[in-house]
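Structure first, then comments.
When a ligand or atom number is given, it counts from 1 through the structure's own listing order.
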Amino acid sequence: MNASPPPHAGEPGVPRHVAVVMDGNGRWARSRFMPRFFGHKAGVDALVRAVNLFADRGVEYLSVFAFSSENWKRPSEEVSGLMSLVLVAVAKYLGKLAKDGVRIRIVGDRDAVSDKLRQAWEQAEALTRENTRITLAVCFNYGGRWDMVQAARRAARQAVAEGWSTGQIDERIGEGWLGDQMALSFAPDPDLFIRTGGEMRISNFMLWQSAYAEFHFTDCLWPDFGAEEIDRALAAYAQRDRRFGMIRAPAAQAAG
Ligand code: IPE
Ligand code: IPE
Ligand code: MG
């Protein structure tokens, strides 16, 4: 299906791009005396719910942190469980997401994952390529530092090939050069950065892109993140005064 964008997309106060650190699956499972994997499975269900809820509210891009460059340091059973969960999730939900108008993009270093996983991702991207309701960027084997390093490497290669001076390297996304080399160059910078699970840190997500994001931290564990929490985060965002280094216009200041 190629559902048209919702009428309120781009409306003031509604973030175009929401980035989420989906944290707390392990604690959610532990509180139920269940293995951590049970929490990760519930986390996939929460993600499929969330993408539709955000789309209904006019969000155009949802980027989620699913597996970090550092998550390889977890016990090998958990790492392999997460890898196999991706295959299960694609088999279970790809048809539904495609039908719901979701365009899927996988962001991260694909070199370290199995051929099977790479093929599942390629299938997900190919099947949903034409969808326009919302773009879901699944950040897997992703790290903000990895992204900056690979962008710098590509930029350096291009500079050598074209005989450019270092002064020609520009930071602006869209027109400039470094942002264009980043794995998320297809999306605008995130407006709203949410982290569930109670920790107040970025953990290497969106280091470059979150320069002017509004942050929202919640104790809610990711598998419990539903409509109520989403509306709370969006309402908090709508109250923020985004200045981007400028000052408010005098009329707006007078109005309070
Ligand atoms: C986030 O949940 C999912 C991944 C990092 C893959 P966690 O697994 O980090 O859950 P907690 O933080 O231990 O509760
Ligand atoms: C961040 O969560 C990574 C993902 C949600 C994929 P972590 O649970 O890995 O982060 P830390 O270790 O608490 O910083
Ligand atoms: Mg965690």
Side-chain angles (χ1 to χ4, degrees), residues 17-51 54 61-90 92-93 104-114 117-118 120-121 124 135-150 182-184 187 190 192-210 213 215-226 229-230 233:
H17 183 177
V18 177
V20 185
V21 178
M22 308 185 291
D23 197 23
N25 294 349
R27 281 163 283 165
W28 186 89
R30 197 175 57 208
S31 71
R32 286 162 177 75
F33 307 100
M34 295 296 281
R36 293 177 59 82
F37 184 72
F38 183 69
H40 294 315
K41 257 176 69 187
V44 173
D45 300 337
L47 172 57
V48 174
R49 269 198 320 267
V51 70
F54 277 115
Y61 296 86
L62 177 67
S63 298
V64 295
F65 209 5
F67 190 87
S68 76
S69 313
E70 290 73 31
N71 287 147
W72 293 104
K73 296 177 196 159
R74 294 191 179 197
S76 60
E77 317 82 74
E78 178 157 350
V79 171
S80 56
L82 285 164
M83 299 292 156
S84 54
L85 183 58
V86 175
L87 297 174
V88 172
V90 169
K92 186 171 173 191
Y93 284 121
I104 299 173
R105 296 290 301 259
I106 310 297
V107 174
D109 185 357
R110 299 186 187 206
D111 290 346
V113 304
S114 69
L117 201 52
R118 233 184 336 265
W121 284 339
T135 297
L136 172 66
V138 180
C139 300
F140 196 98
N141 196 19
Y142 169 90
R145 288 182 174 177
W146 162 81
D147 199 13
M148 286 196 222
V149 167
Q150 64 91 25
M182 301 246 171
L184 270 143
L192 173 61
F193 182 118
I194 298 173
R195 181 171 185 142
T196 63
E199 312 294 354
M200 299 216 194
R201 54 179 173 254
I202 295 177
S203 300
N204 199 14
F205 194 42
M206 300 267 182
L207 293 184
W208 174 273
Q209 295 84 356
S210 64
F215 285 79
H216 179 80
F217 295 99
T218 170
D219 288 336
C220 175
L221 303 172
W222 174 251
D224 291 329
F225 192 77
E229 277 288 331
I230 287 174

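- Among M22, E78, R74, the residue whose heavy atom lies closest to atom 8 (O) of ligand 1 is R74.
- Between the NZ atom of K41 and the CZ atom of R36 there is a distance of 15.5 Å, given to the nearest 0.5 Å.
- The atom name of the N/O/S atom in D23 closest to the Mg ion (ligand 3) is OD1.
- Neither the backbone nor the side chain of R30 has any atom closer than 4.0 Å to an atom of ligand 1 (non-hydrogen atoms only).
- Residue contacts with ligand 1: F67 is placed with no nitrogen or oxygen under 3.5 Å of a nitrogen or oxygen of the ligand (distance criterion only).
- Heavy atoms of G24 approach ligand 1 to within less than 4.0 angstrom.
- Looking from atom 1 (C) of ligand 2 to the surrounding protein, the closest heavy atom is V21 CG1, 3.9 Å.
- Considering only non-hydrogen protein atoms, atom 6 (C) of ligand 1 sits nearest to A66 O, 3.3 Å.
- In terms of polar-atom proximity, defined here as any N/O pair under 3.5 Å, S68 makes no such contact with ligand 2.
- With rounding to the nearest 0.5 angstrom, the CG atom of L82 is 6.5 Å from the CZ atom of F140.
- Taking 4.0 Å as the cut-off, R195 counts as a neighbour of ligand 2 on heavy-atom distance.
- With respect to atom 9 (O) of ligand 2, the closest heavy atom belonging to the protein is N71 ND2, 2.9 Å.
- Considering CG of D147 and SG of C139, their distance stands at 9.0 Å, rounded to 0.5 Å.
- Within the model, atoms CZ of F67 and CZ of R74 stand 8.0 Å from one another, a figure rounded to the nearest 0.5 Å.
- Any N or O atom pair closer than 3.5 Å counts here, and W28 shares no such pair with ligand 1.
- Remark: of the listed residues W222, F38, F37, F38 is the sole one forming a ring-ring contact (aromatic ring centres under 6.0 Å, His included) with W28.
- Crowding of R110 atom CZ: a count of heavy atoms from other residues, nucleotides or ligands under 6.0 Å exceeding 12.
- In this structure, atom 12 (O) of ligand 2 lies nearest to the protein heavy atom R201 NH2, 4.5 Å.
- Distance CZ/F193 to OG/S63: 10.5 Å, rounded to 0.5 Å.
- With respect to atom 10 (O) of ligand 1, the closest heavy atom belonging to the protein is G26 N, 2.9 Å.
- At least one N/O-N/O distance between S203 and ligand 2 falls below 3.5 Å.
- Using a distance-only test at 3.5 Å, with no hydrogens or angles considered, no donor-acceptor pair links the side chain of N141 to the main chain of G108.
- The aromatic rings of Y142 and F205 stand perpendicular to each other, their planes meeting at an angle above 60°, with 30° marking the opposite boundary.
- Listed for the N204 side chain is a donor-acceptor partner under 3.5 Å among the backbone atoms of G144.
- Heavy-atom distances between R36 and ligand 1 reach below 4.0 Å in at least one pair.
- In this structure, atom 14 (O) of ligand 2 has a protein heavy-atom contact shorter than 4.0 Å.
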